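As structure tokens, the structure follows; a few thoughts come after it.
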Amino acid sequence: QVNLLKTKFGFDDAFNYKKEEDLNAALKRCFPQGIDIYFENVGGAMLAAVLPNMRMNGRIAVCGMISQYNLEQPNGAPNLFCLVAKRIRMEGFMVLDYFGTYNKFEEEIAGYLKEGKISVVEDVAEGIENVPTALIGLFSGHNIGKQLVTIAHE
Ligand SMILES: NC(=O)c1ccc[n+]([C@@H]2O[C@H](COP(=O)([O-])OP(=O)(O)OC[C@H]3O[C@@H](n4cnc5c(N)ncnc54)[C@H](OP(=O)(O)O)[C@@H]3O)[C@@H](O)[C@H]2O)c1
């Protein structure tokens, strides 16, 4: 998967968080100058490791915190004071708020897809009976690419 990120998706660097003993050290290796913008999808230990590696006036767009969803006791980042010390702006967003601009989004993204500016990888399960397995798989890294389920073939 690390290879996929560095080749097909064109990231300069990547690491597998499951194989790193020290997330802070891994981030320092990949971002020796620090992080300007972090797109948050994970929360918990990853957020705690990212915060001290953020640069002054950095920005964090909060899309999700998947590591926290099924915990009885969420284990949020204990070092949020980094937001103050580094003057970081952290802001959440919900896709529901942008449905009004969906047509514009579709038009723009369709163009990028045609031009090959965006790569798409899909992980397709077959049949409605596989919806629960596909959904649960999201929490254990079973999917590689956007998880879809085919309900019927036209
Ligand atoms: N703000 C919004 O409007 C909005 C809308 C939809 C989704 N979201 C959020 O977007 C994020 C991605 O959702 P998605 O539906 O696109 O799923 P996805 O990225 O296709 O799949 C979820 C991935 O999360 C990783 N993951 C699961 N547990 C983890 C953990 N404990 N620590 C680190 N990584 C973990 C797994 O990757 P590995 O293979 O590395 O384990 C899995 O592949 C989620 O946080 C979701 O809540 C936000």
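Whatever order the structure lists ligands and atoms in, that order sets their numbers, starting from 1. Residues: numbered from 1 along the sequence shown. Predicted model, so just to flag it, every value in this text is computed and none were measured.
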Margin query: Check this for me: Tyr112, atom OH, are more than 12 non-hydrogen atoms of other residues, nucleotides or ligands nearer than 6.0 Å?
Written below: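 For Tyr112, atom OH is not crowded (no more than 12 foreign heavy atoms under 6.0 Å).
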Check: Within a radius of less than 6.0 Å around CG of Asp12, do more than 12 heavy atoms belonging to other residues, nucleotides or ligands occur?
Finding: no
Check: Is Tyr38 close to Leu47 at the side-chain level, that is, under 4.5 Å between some pair of heavy atoms?
Finding: yes
Check: Rest of the hydrophobic cluster containing Val84 (Ile/Leu/Val/Met/Phe/Trp/Tyr, side-chain heavy atoms under 4.5 Å)?
Finding: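 Result for Val84 is Phe81.
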Item checked: Proximal protein residues to ligand 1, non-hydrogen atoms under 4.0 angstrom -> Gln1, Tyr17, Lys18, Asn41, Val42, Cys63, Gly64, Met65, Ile66, Ser67, Tyr69, Phe93, Met94, Val95, Leu138, Phe139, Gly141, Asn143, Lys146
Using distance only, find each side-chain donor-acceptor pair of residues 14-21 under 3.5 Å and give its atom names and separation, not counting sequence neighbours.
| residue | atom | partner | partner atom | Å |
| --- | --- | --- | --- | --- |
| Asn16 | OD1 | Lys18 | N | 2.9 |
| Glu20 | OE1 | Arg29 | NH1 | 3.4 |
| Glu20 | OE2 | Arg29 | NH2 | 2.8 |

Check: With Asp22, which residues qualify under side chain to side chain contact (heavy atoms under 4.5 Å, CB included), at least two apart?
Finding: Asn24, Ala25
